[in-house]
Amino acid sequence: MLPAMKTPPGPPPVSRNPLALARYFLSIRGDIISFVGRRFRDYGDLYYAQLGKTRLYVTRDPEQVREVLQTKGQSFGKTTTGNAARQLKHVLGDGLLNSNGELWRRQRRLINPAFDRKRVESQAPDMVAETRRMLDSWPNGGQVDLSREMMHLTLRIVARSLFDHDASGDADTVARAMEALRGMVSTPIFLPSWLPIPALRRAQKALSDMDDIVYGLIDERLRDPERTASRPDLLSAMVASVDLDGDGGSMDRKLLRDEVLTLFLAGHETTSHALTWTLYLLSQNPEARAEVQAELSRELGSSEVTAADLGRLPLLEAAFNEGMRLYPPAYVISRMALEDVEIGGYTLPKGAEILVWIYWLHRHPDHWPDPTRFDLHRFDPEVTAARPKTAFIPFGAGTRSCIGKHFAMMEARLILATLLQRTTLDHVHGHVVELAPAVTLAPKNGMKMRVRHRESAPPV
């Protein structure tokens with residue numbers, strides 16, 4: 001066996017000099033996705049970049065992704081350094097998204113039952129009903145900001161499903177929190193967090209408002225333990241394990257807040273973006289949209305969609321998958337080597353960071369011919385079987401894959417089916433669509449769509 005090589009090809013190192021770091025930051029801030037794409041083009045599917053003391057490996061190769069997230073996953077942990085990780089830690093604390101080791105394993109075991117398949121599927125009627133209420137408020141022939149509408153809808157669904165909470169009055173507060181968090185992550189990595197930067201001040205105010213909501217939910221249950229014990233939602237189950245004295249035997253109040261806030265934010269924003277991008281792509285590909293709508297008419301007729309129907313709607317699922325392929329909400333995954341480990345023939349030293357660029361993995365021309373084209377039939381069974389499994393990972397892979405994958409997939413397909421049965425959405429001419437990559441991949445300017453109600457919609 002040949003010895004592992006030291007480092008892959010890559011650009012010259014960037015020194016720790018503040019001016020050099022500033023120039024580097026400005027070069028990527030305008031369009032980091034294209035910036036990384038050019039580096040893959042110039043250096044190959046795995047490249048190395050050094051930024052000050054940070055040793056960074058970047059990949060879009062499915063086999064290397066499989067090694068990092070699955071077969072050698074025990075050699076990697078969540079990245080704890082860098083601006084994005086630092087800001088996420090500040091906001092979300094030790095929730096599932098940020099924790100490592102035994103804390104992460106314990107929290108995952110506790111939360112897993114909330115995403116039991118039967119329990120999730122029992123919530124399907126409420127998801128459809130919430131979607132129908134939203135559509136009833138849309139004017140025929142009028143315009144909506146689809147991004148905002150999807151954000152509010154998925155927030156109401158996740159709040160009701162996981163926390164037994166009506167979030168209708170919280171939607172604007174949560175939206176401000178997410179916008180502020182995007183601003184925090186976008187601040188230069190060489191600027192300390194205590195500087196009076198407007199984006200950081202807004203984030204601190206938004207985080208305080210979110211804490212008021214989350215601690216209010218927690219304290220409501222702590223005040224009435226008997227009623228809490230009879231409630232079936234995730235928050236009640238988590239509160240039952242709270243250790244107010246914080247002796248380490250179970251979740252203390254701060255850790256409970258971290259988990260609730262993580263699920264509150266991560267549990268709705270990614271799905272809302274995935275739905276927004278999918279509906280935008282269908283508006284740009286009316287033939288594909290007509291195929292999906294014909295499938296809905298053929299399989300459902302005038303009936304509302306149920307969880308049991310979803311297995312009979314492969315084109316609907318393919319449309320959502322193709323939306324997540326082209327615009328994956330979680331567009332990059334970061335891991336840190338916990339020990340020296342070999343990936344792709346190179347030795348990553350302990351402490352090195354590796355980025356899995358899902359956006360470019362999903363557009364790799366070797367696995368996705370004509371990668372920018374929207375094509376429902378990429379997900380036909382025989383086509384999928386011929387492709388590496390880790391060429392498509394919108395929910396991650398391995399033990400740290402998204403805990404709410406089944407919840408999100410069911411929710412998204414129910415929303416899509418209900419929406420496509422009742423309306424046709426057309427992108428408003430002249431509205432500019434741009435990417436806003438921060439914590440997730442959002443549309444920068446919202447998503448302006450014109451609504452046309454369908455005469456064949458199922459009756460209420």
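Keep in mind that this is a model prediction, so the values were computed, not measured.
Residues that satisfy the side chain to side chain contact (heavy atoms under 4.5 Å, CB included) test with Ser283, not counting sequence neighbours, are Tyr280, Arg289, His427, Met449. In this structure Pro314 satisfies the side chain to side chain contact (heavy atoms under 4.5 Å, CB included) test together with Glu295, sequence neighbours excluded. Listed by chain and residue number, nothing satisfies the side-chain hydrogen bond (donor to acceptor under 3.5 Å, both in side chains) test with Asn112 (two or more places apart in sequence, or in another chain). In this structure Glu339 satisfies the salt bridge (charged side-chain N to carboxylate O under 4.0 Å, His left out) test with no other residue, sequence neighbours excluded. Partners of Glu322 by side-chain hydrogen bond (donor to acceptor under 3.5 Å, both in side chains), not counting sequence neighbours, listed by chain and number: Arg325, Arg378. When the side chain to side chain contact (heavy atoms under 4.5 Å, CB included) test is applied to Arg105, the partners found at least two apart in sequence or on another chain are Glu102, Arg109. Qualifying side chain to side chain contact (heavy atoms under 4.5 Å, CB included) partners for Ser137, counting only residues two or more places apart in sequence or in other chains: none. Listed by chain and residue number, nothing satisfies the salt bridge (charged side-chain N to carboxylate O under 4.0 Å, His left out) test with Arg335 (two or more places apart in sequence, or in another chain). Remark: Asp209 pairs with Lys205 by the salt bridge (charged side-chain N to carboxylate O under 4.0 Å, His left out) rule, at least two apart or across chains.
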Could you walk me through whether Arg132 and Asp136 pass the salt bridge (Lys or Arg N to Asp or Glu O under 4.0 Å) test, one step at a time?
CA-CA 6 Å; Arg132 206 173 61 207; Asp136 289 343; 5.0 Å; no
Might you work through the salt bridge (Lys or Arg N to Asp or Glu O under 4.0 Å) test for Asp116 and Lys118, ending with a clear yes or no?
CA-CA 6 Å; Asp116 172 77; Lys118 287 185 178 179; over 6 Å; no
Between Glu411 and Thr154, does the side-chain hydrogen bond (donor to acceptor under 3.5 Å, both in side chains) criterion hold? Intermediate values first, please.
CA-CA 8 Å; Glu411 174 193 15; Thr154 57; 5.1 Å; no
Given Asp309 and Arg312, is the salt bridge (Lys or Arg N to Asp or Glu O under 4.0 Å) satisfied, shown in steps?
CA-CA 6 Å; Asp309 295 322; Arg312 297 186 287 115; 2.5 Å; yes
So Arg160 and Asp126, salt bridge (Lys or Arg N to Asp or Glu O under 4.0 Å) or not? Walk me through it.
CA-CA 9 Å; Arg160 177 66 70 194; Asp126 289 337; over 6 Å; no
Between Glu291 and His377, does the side-chain hydrogen bond (donor to acceptor under 3.5 Å, both in side chains) criterion hold? Intermediate values first, please.
CA-CA 11 Å; Glu291 277 193 81; His377 300 285; 3.3 Å; yes
Please set out all donor-acceptor pairs under 3.5 angstrom arising from side-chain atoms of residues 401-409, sequence neighbours excluded.
{"unit_1": "Ser401", "atom_1": "OG", "unit_2": "Gly398", "atom_2": "O", "d": "3.1"}
{"unit_1": "His406", "atom_1": "ND1", "unit_2": "Arg117", "atom_2": "NH1", "d": "3.4"}

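Listed for the Lys72 side chain is a donor-acceptor partner under 3.5 Å among the backbone atoms of Glu342. With hydrogens and angles disregarded, no donor-acceptor distance shorter than 3.5 Å links the side chain of Gln70 to the backbone of Ala397. With hydrogens and angles ignored, the 3.5 Å screen pairs no side-chain donor or acceptor of Thr423 with any backbone N or O of Leu425.
Applying the ring pair (Phe, Tyr, Trp, His ring centres under 6.0 Å) rule to pairs touching residues 300-341 yields Trp277-Tyr327, Tyr331-Trp357, sequence neighbours excluded. Within the structure, the ring pair (Phe, Tyr, Trp, His ring centres under 6.0 Å) test picks out the following pairs touching residues 148-170 (sequence neighbours left out): Phe163-Phe264.
Counting heavy atoms from C-beta on, the side chains of Leu420 and Leu279 come closer than 4.5 Å.
Under the 4.0 Å criterion applied to side-chain N and carboxylate O atoms, Asp219 and Arg253 are assigned as salt-bridge partners.
In this structure, CZ in Arg413 is found 10.0 Å from CG in Leu416, a value given to the nearest 0.5 Å.
Across Leu441 and Pro328, no two heavy atoms sit closer than the pair CB-O, 3.5 Å.
Thr424 and Arg452 share no side-chain donor-acceptor pair at under 3.5 Å.
When the shell of 6.0 Å around CZ of Arg227 is examined, it contains 12 or fewer heavy atoms from other residues, nucleotides or ligands.
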